[in-house]
K.L.:
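Supplied in structure tokens, the structure appears directly below.
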Amino acid sequence: MAITGLFLVSFLLVHVMGNIQLFYQDGGLAFNNYTKFMTTNPIIKTMEWVLFAGFVVHIIYAMLLTLQNNASRPVKYAYKGKNGGASWASRNMFITGSVMFIFLVVHLVMFWGTYKFGSGEATTIQNAYEQAWKVKDASGLASLDAELAHDIVKHKYIDYESYQEILKLGNPADMKAMGYSMYNLTLDSFRQLWIVILYVLAMVLLAFHLNHGFQSSFRSLGFVHDKYLPLIKGGGQVVTVVFPLLFAAMPVYFYIGSVIGKF
Amino acid sequence: MAGKNLNLTLKIWRQNGPAAKGQMKEYKVSDISTEMSFLEMLDVLNERLVREGEDPIAFDHDCREGICGMCSLMINGLAHGPSRRTTTCQLHMRSFNDGDTIYIEPWRAKAFPVIKDLVVDRSAFDHIMHAGGYISVNTGNAQDANEMPISTQVADHAMDAAECIGCGACVASCKNASAMLFVSAKVAHLGHLPQGQPERMLRVQRMVRTMDEAGFGNCTNTGACEVQCPKGISIKNIAKMNADYLRASLISEVKG
Ligand code: HEM
Ligand code: FES
């Protein structure tokens with residue numbers, strides 16, 4: 001539990017560092033380059049599976065732990081409402097975790113799923129790429145149909161740099177993988193208010209989950225010493241506040257941006 | 001200082017025997033002096049029940065001075081009642097107000113089955129102690145007292161852990177009914193001292209295994225045990241025991 005929990009925290013660190021590029025004012029160039037790297041680099045591709053396993057193990061252990069712990073008090077107390085001084089976060093790890101799990105499914109279907117398996121749109125995009133390829137073959141960049149060029153470069157699907165690279169590529173199937181603009185997908189997703197609300201809610205729960213979980217995992221692993229306990233507690237507070245805040249800022253930023261017409 | 005007298009409504013768990021079905025039963029008590037201890041208040045009620053021909057309420061107690069660990073009781077959802085670092089026998093009725101309703105329940109845990117009313121079977125703790133809560137010494141002449149120097153700091157840490165009276169409030173308060181605070185206090189007590197070293201790895205493995213077999217829950221570091229412990233045993237002991245346990249499982253040649 002503690003090992004998988006801390007592993008997931010390390011994932012959050014990487015994830016937040018990458019996604020922070022969404023805030024760059026560069027039309028998504030840096031972010032799209034980053035997603036391209038993340039989806040093509042063999043080490044990252046392997047780590048994707050390790051991460052998946054980390055979640056599975058964490059959740060399986062969470063279920064076993066919760067079942068065992070519920071079973072260890074078959075008759076509950078009649079007097080409710082006292083918790084002996086244990087924090088809300090520590091008492092509701094399974095609840096916060098489960099809502100985060102629902103969020104995770106939505107999140108993955110939205111981004112990873114769209115990216116991997118495509119949607120109606122993705123097929124159109126591929127068509128567009130294929131056409132772009134043909135156009136390039138026949139008469140070069142300049143003669144690219146103006147509207148199509150606009151679609152590809154500007155509209156939703158692809159940033160300019162990816163577009164340039166697509167044109168250098170040989171195989172249309174690779175092109176799809178190369179050119180899907182995660183930045184624009186993000187932009188589109190966060191125009192919807194319910195998604196923004198779901199994200200912010202999930203991040204609040206993440207804060208609670210980490211508030212207990214981070215320091216708890218060090219205790220479970222046997223780390224306790226007056227010398228570094230403050231460091232663990234302090235680190236826990238930083239992780240608890242900074243990670244969820246940065247993650248939650250992303251949908252809010254794009255939603256407000258879309259409302260005021262920035263995007 | 002003259003005390004007041006209280007009229008109270010008590011809701012007490014009554015259960016005839018281990019297999020019987022129990023329920024919360026309401027009792028009214030009046031003219032309870034604030035100078036009384038909580039257990040004396042129950043004594044007063046029991047005397048009345050005997051007079052009225054009802055079975056008196058069974059509850060555990062022995063020293064009534066806060067050192068034996070025999071008394072228990074979940075009082076309004078708190079182990080040993082509302083006063084911090086106080087056993088039920090040392091709790092006084094001045095902690096309550098006139099007209100209060102007080103819920104009195106036994107420790108609740110699968111590993112602590114109810115024997116009768118408010119009395120639970122805590123022999124699981126004894127089994128854990130038998131598994132390793134001791135040091136093996138050969139008989140013979142007593143050693144010289146200064147043969148084994150122990151620094152005050154170390155002795156203090158050991159003493160802090162040794163304060164545990166084994167009452168089970170940690171188990172009763174923990175949302176998981178985990179016995180980790182108790183077991184870790186025993187492990188840390190001996191683990192701090194030179195005399196505890198030879199059996200240290202064996203001890204932690206055996207005691208943890210016996211604890212798990214007894215059906216206590218798992219520790220999730222919620223910290224309720226530490227807050228409710230009448231002796232203020234620190235949950236740092238739990239992390240220390242986790243370290244010992246990991247070490248014993250990973251690199252110790254000694255198998256528990
Ligand atoms: C997705 C579904 C998830 C579920 C169902 C879940 C559930 C749980 C449960 C039940 C616990 C142990 C309970 C306790 O210690 O009180 C736990 C601990 C923990 N979780 Fe999660 N969690 C989930 C996701 C996450 C995520 C995304 C992270 C971090 C990025 C995380 C980090 C942790 C940490 C650090 C612990 C502490 C381990 C310990 O106390 O030893 N969990 N989780
Ligand atoms: S009766 Fe001995 S500690 Fe309360």
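Chain letters run A, B, ... following the sequence lines, proteins first, then strands; residues in each count from 1.
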K.L.:
Of all heavy-atom pairs between A:Arg73 and B:Arg108, which one has the smallest distance, and what is that distance?
P.N.:
NE-O, 2.6 Å

K.L.:
Look up atom OH in A:Tyr79 and atom CD1 in B:Ile75, then write down how far apart they are to the nearest 0.5 Å.
P.N.:
12.0 Å

K.L.:
Counting heavy-atom pairs under 4.5 Å with chain A, which one of B:Pro106, B:Ala243, B:Gly217, B:Ala239 comes out on top?
P.N.:
B:Ala239

K.L.:
NE2/A:His225 to NZ/B:Lys240 distance, rounded to the nearest 0.5 angstrom?
P.N.:
8.5 Å

K.L.:
Please classify the contact between A:Lys80 and chain B as side chain, backbone, both or neither, with a heavy-atom cut-off of under 4.5 Å.
P.N.:
neither

K.L.:
To the nearest 0.5 Å, what is the distance between OH (A:Tyr77) and CG (B:Leu78)?
P.N.:
10.5 Å

K.L.:
For the candidates B:Ala111, B:Ala172, B:Ala109, which exhibits the highest count of non-hydrogen atom pairs separated by less than 4.5 Å from chain A?
P.N.:
B:Ala172

K.L.:
Check whether any side-chain heavy atom of B:Asn218 lies under 4.5 Å from a side-chain heavy atom of A:Met1, and answer yes or no.
P.N.:
no

K.L.:
Output the distance between atom OG (A:Ser87) and atom CG (B:Asn221), rounded to the nearest 0.5 Å.
P.N.:
10.5 Å

K.L.:
With a 4.5 angstrom heavy-atom cut-off, which part of B:Cys225 approaches chain A: side chain, backbone, both or neither?
P.N.:
neither

K.L.:
Can you tell me how far OG1 of B:Thr220 sits from CZ of A:Phe94, rounded to the nearest 0.5 angstrom?
P.N.:
13.0 Å

K.L.:
More than 12 non-hydrogen atoms from neighbouring residues, nucleotides or ligands closer than 6.0 Å to CZ on A:Phe52, yes or no?
P.N.:
no

K.L.:
How far apart are the C-alpha atoms of A:Gln68 and B:Asn176, what are their side-chain angles, what is the distance that settles it, and do they pass the side chain to side chain contact (heavy atoms under 4.5 Å, CB included) test?
P.N.:
CA-CA 8 Å; A:Gln68 277 181 2; B:Asn176 310 323; over 6 Å; no

K.L.:
Would you find more than 12 non-hydrogen atoms of other residues, nucleotides or ligands less than 6.0 Å from A:Lys76 atom NZ?
P.N.:
yes

K.L.:
Pick one of side chain, backbone, both or neither for A:Asn83, based on which atoms fall under 4.5 Å of a heavy atom in chain B.
P.N.:
backbone

K.L.:
Which atom names give the shortest non-hydrogen contact between A:Ala86 and B:Ala224, and what distance separates them?
P.N.:
CB-CB, 4.1 Å

K.L.:
Within a radius of less than 6.0 Å around CZ of A:Phe247, do more than 12 heavy atoms belonging to other residues, nucleotides or ligands occur?
P.N.:
yes

K.L.:
Should we count CZ of A:Phe7 as having more than 12 external heavy atoms under 6.0 Å?
P.N.:
yes

K.L.:
Should we say atom CD of B:Glu26 is surrounded by more than 12 heavy atoms from elsewhere, each under 6.0 Å from it?
P.N.:
yes

K.L.:
Counting only heavy atoms from other residues, nucleotides and ligands, does the tally under 6.0 Å from NE2 of B:His189 exceed 12?
P.N.:
yes

K.L.:
Pick from B:Asn242, B:Ile235, B:Val171: which one has the most heavy-atom pairs with chain A under 4.5 Å?
P.N.:
B:Asn242

K.L.:
Under 6.0 Å from the CD1 atom of A:Ile43, do we count more than 12 heavy atoms belonging to anything else shown?
P.N.:
no

K.L.:
How far does CG of B:Asn76 sit from NZ of A:Lys82, to the nearest 0.5 angstrom?
P.N.:
6.5 Å

